[in-house]
Trainee: 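Got a structure for you, written out below as structure tokens; questions coming shortly.
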Number of protein chains: 2
Amino acid sequence: MAPPARRTGRPRNAEVDRAILAATRSALVELGWSKLSLGDVAARAGVAKTTLYRRWAGKNELVVDAVAVTFDELELPDRGSLRADVEGVVLQFARLLERPETKTALMAVVSESTRDTGLRDRVRAAIVDRQKRLVLLGRERAQRRGELPPDAPGTEGAAAAGRAADLIFDTIAGAVVHRSLVSGEPVDAGWAGDFTALLLDGLTGARGGAPERGGATE
Amino acid sequence: MAPPARRTGRPRNAEVDRAILAATRSALVELGWSKLSLGDVAARAGVAKTTLYRRWAGKNELVVDAVAVTFDELELPDRGSLRADVEGVVLQFARLLERPETKTALMAVVSESTRDTGLRDRVRAAIVDRQKRLVLLGRERAQRRGELPPDAPGTEGAAAAGRAADLIFDTIAGAVVHRSLVSGEPVDAGWAGDFTALLLDGLTGARGGAPERGGATE
DNA sequence: CTCTTACGCTACGGGCCGTAGCGTAACTCT
DNA sequence: AGAGTTACGCTACGGCCCGTAGCGTAAGAG
């Protein structure tokens, strides 16, 4: 992260980076992804447009960095059970996606990253991979509680554990994103409870796919 | 759909619509969402730019219509069991998302729809809601097979069934989209099997969250 | 006090947008 | 047939934003 090979010359002003990223988030809130222009961001940040282009290659990279820090707010406090932990993280993630800047930016950069491998790596490093820690933590905790069986030993077991974590991550994050952004319906306590029940017990499980909850809508 | 109040004047050329939508898909493949320009689409279609603007309000609406037909290709043949049906639709949906035009367009219009309620309605009507039929069909089939309990009677039971269908839809579609577009990793037979097992049996189910499959990667 | 880098400012060619204005084509109704 | 109405093509335009070049100044390192 820190550029070590930069000893001579005038040092960069870290405040400029902070101002640009903050201005980007503010512009995302007011204008949304498509109407956001880099000239406008530079003006908001009180910075020359050229300065902005010296640090970021374009809109995509800038917005990824501007939004990435927001996702680091996610935490996973120990709520006592796997069920409560999942429900908590679902609601927390949903609240994050309700914010206008993340809502409009996340899917846009994902869309762009389908045609730009460099951007794809940036998104994965800055946003996606960093949140897998929550799954790993939650799984480990549940295993210590005895709610989930421990990983099989050896490299093969570790690989299976990694696949399982990836699968759970895609399932949870995907469902919340789809419900909230694609279907466009609220992720409230009722839905979180229904989803958690489905994830833990399965379609053919105790609840039989016809959830009894959902009264807490709105 | 058909405009009934249009009797007088020169009728619209349906071929023009087809040409424009086809040109839009072709441009999406070659240029992607962000570099797609309406002037370029008009030129590809052999049509005046003004004609294009007389039929669609802008890029968003045009692309939604151009891509919507692609999603109607999804089918749900009876594969004999709920497990096989889910696995089949997962792989089918994943193949759809591998196509360059859908890959780049879907998330882009979803991103735009977060700031445009009209577009949101269009996306839901043209793409999202139409695919829920697959969930309803699969559920009904599984109930007839006895793999899932029947819906509770009465309006309350119908509401619960609707919520369950929505939940399953968001979970399946969300996981596939997230795996394929956000995580950027392939949805192959191994992953489809793992995911289906998780969906049917749950995290705490027989498989315990550490899937044994996944050998069929690639 | 020189070298190097960061930053601000101005200016520019270029692309695409979305629309206006006009002429022509196709079809309906009287 | 003629009048009315709508569809389509073409040209042209102001406007916004892009990304960069060119220059002058500021702030550190040696």
Side-chain angles (χ1 to χ4, degrees), chain A residues 2-24 26-28 30-63 65-66 104 108-109 112 115-116 118-119, chain B residues 2-24 26-28 30-63 65-66 104 108-109 112 115-116 118-119:
Chain A
R6 203 179 273 154
R7 3 199 113 202
T8 164
R10 173 177 174 177
R12 285 196 170 177
N13 185 351
E15 192 55 34
V16 167
D17 291 76
R18 302 171 43 90
I20 292 177
L21 292 177
T24 304
S26 136
L28 279 174
E30 291 178 28
L31 306 173
W33 164 269
S34 59
K35 294 183 181 172
L36 179 147
S37 81
L38 294 199
D40 184 80
V41 169
R44 284 167 191 259
V47 157
K49 201 170 54 164
T50 44
T51 299
L52 203 158
Y53 275 101
R54 284 186 192 110
R55 305 185 180 212
W56 285 277
K59 190 169 161 175
N60 294 335
E61 290 76 9
L62 174 61
V63 169
D65 287 5
T104 190
V109 295
E112 292 297 306
R115 310 207 100 238
D116 179 342
L119 183 64
Chain B
R6 201 180 275 154
R7 4 198 111 202
T8 165
R10 175 177 174 177
R12 285 197 170 177
N13 185 351
E15 193 55 36
V16 167
D17 290 77
R18 301 171 45 90
I20 292 177
L21 293 178
T24 304
S26 137
L28 278 175
E30 291 178 29
L31 306 173
W33 163 269
S34 58
K35 293 183 181 173
L36 180 148
S37 80
L38 294 198
D40 185 80
V41 170
R44 284 168 190 258
V47 156
K49 202 169 56 163
T50 44
T51 299
L52 203 157
Y53 276 101
R54 284 187 190 107
R55 304 184 182 216
W56 285 277
K59 190 169 162 176
N60 294 335
E61 290 76 8
L62 173 62
V63 169
D65 286 5
T104 189
V109 295
E112 292 297 306
R115 311 207 99 239
D116 180 343
L119 183 64

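Sequence lines set the chain letters: A, B, ... in the order given, protein chains first and strands last, and positions in each chain run from 1.
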Trainee: So for atom CZ, which belongs to B:Arg18, do other residues, nucleotides or ligands contribute more than 12 heavy atoms lying within a distance under 6.0 Å?
Mentor: no
Trainee: Taking side-chain contact (heavy atoms from CB on, under 4.5 Å) as the definition, give me every residue that meets it alongside A:Ala23, ordered by chain and number, with sequence neighbours left out.
Mentor: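 A:Ala23: side-chain contact (heavy atoms from CB on, under 4.5 Å) contacts with A:Val41, A:Arg44, A:Ala45.
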Trainee: Would you kindly give the CG-to-P distance between B:Leu31 and C:dG15, to the nearest whole Å?
Mentor: 15 Å
Trainee: Would you sort out whether B:Asn60 and B:Trp33 count as a side-chain contact (heavy atoms from CB on, under 4.5 Å), showing the intermediate values?
Mentor: CA-CA 10 Å; B:Asn60 294 335; B:Trp33 163 269; 3.0 Å; yes
Trainee: Please tell me if the side chains of B:Trp56 and B:Val63 come closer than 4.5 Å, counting only heavy atoms from C-beta onward.
Mentor: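 B:Trp56 vs B:Val63: side chains apart.
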Trainee: For the pair made of CG in B:Leu38 and C1' in D:dC16, what is the distance, rounded to whole Å?
Mentor: 16 Å
Trainee: Look at the side chain of B:Ala48 and decide which nucleotide, out of C:dG8, D:dC10, C:dC7, has an atom nearest to it.
Mentor: D:dC10
Trainee: Can you measure B:Leu62 atom CG to C:dG18 atom C1' for me and round it to whole angstrom units?
Mentor: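 One finds 15 Å between C1' of C:dG18 and CG of B:Leu62, rounded.
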Trainee: Whole Å only: how far is the CD atom of B:Glu15 from the P atom of D:dA7?
Mentor: 18 Å
Trainee: Which value, rounded to the nearest 0.5 Å, describes the distance between A:Thr24 atom OG1 and A:Leu31 atom CG?
Mentor: 11.0 Å
Trainee: Only counting residues at least two apart or in another chain, list the ones meeting side-chain hydrogen bond (donor to acceptor under 3.5 Å, both in side chains) with A:Asn13.
Mentor: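 Partners of A:Asn13 under the side-chain hydrogen bond (donor to acceptor under 3.5 Å, both in side chains) test: none.
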Trainee: Tell me, which of residues 50-60 of chain A have any heavy atom that sits under 4.0 Å from an atom in DNA chain C?
Mentor: A:Thr50, A:Thr51, A:Arg54, A:Arg55
Trainee: Can you sort out the partners of A:Asp116 under salt bridge (charged side-chain N to carboxylate O under 4.0 Å, His left out), two or more places apart, ordered by chain and number?
Mentor: none
Trainee: Got a donor-acceptor pair under 3.5 Å from the side chain of A:Arg10 to the base of D:dA27?
Mentor: no
Trainee: Is A:Lys49 side chain donor-acceptor paired with the C:dG8 base, going by distance under 3.5 Å alone?
Mentor: no
Trainee: Hey, what are the protein-to-nucleotides 28-30 of chain C N/O distances that come in under 3.5 Å?
Mentor:
none

Trainee: Tell me what A:Asp40 touches on the nucleic acid: a base, only sugar-phosphate, or nothing, going by heavy atoms under 4.0 Å.
Mentor: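 Touches nothing.
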Trainee: Kindly say whether, by distance alone, the side chain of A:Arg12 makes a donor-acceptor pair under 3.5 Å with the base of C:dA6?
Mentor: no
Trainee: Taking side-chain contact (heavy atoms from CB on, under 4.5 Å) as the test, write out the residues that go with B:Ala48, two or more places apart.
Mentor: B:Thr50, B:Thr51
Trainee: Are A:Arg12 and A:Arg55 packed together at the side-chain level, in the sense that at least one heavy-atom pair is separated by less than 4.5 angstrom?
Mentor: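 Heavy-atom side-chain distance check passes, below 4.5 Å.
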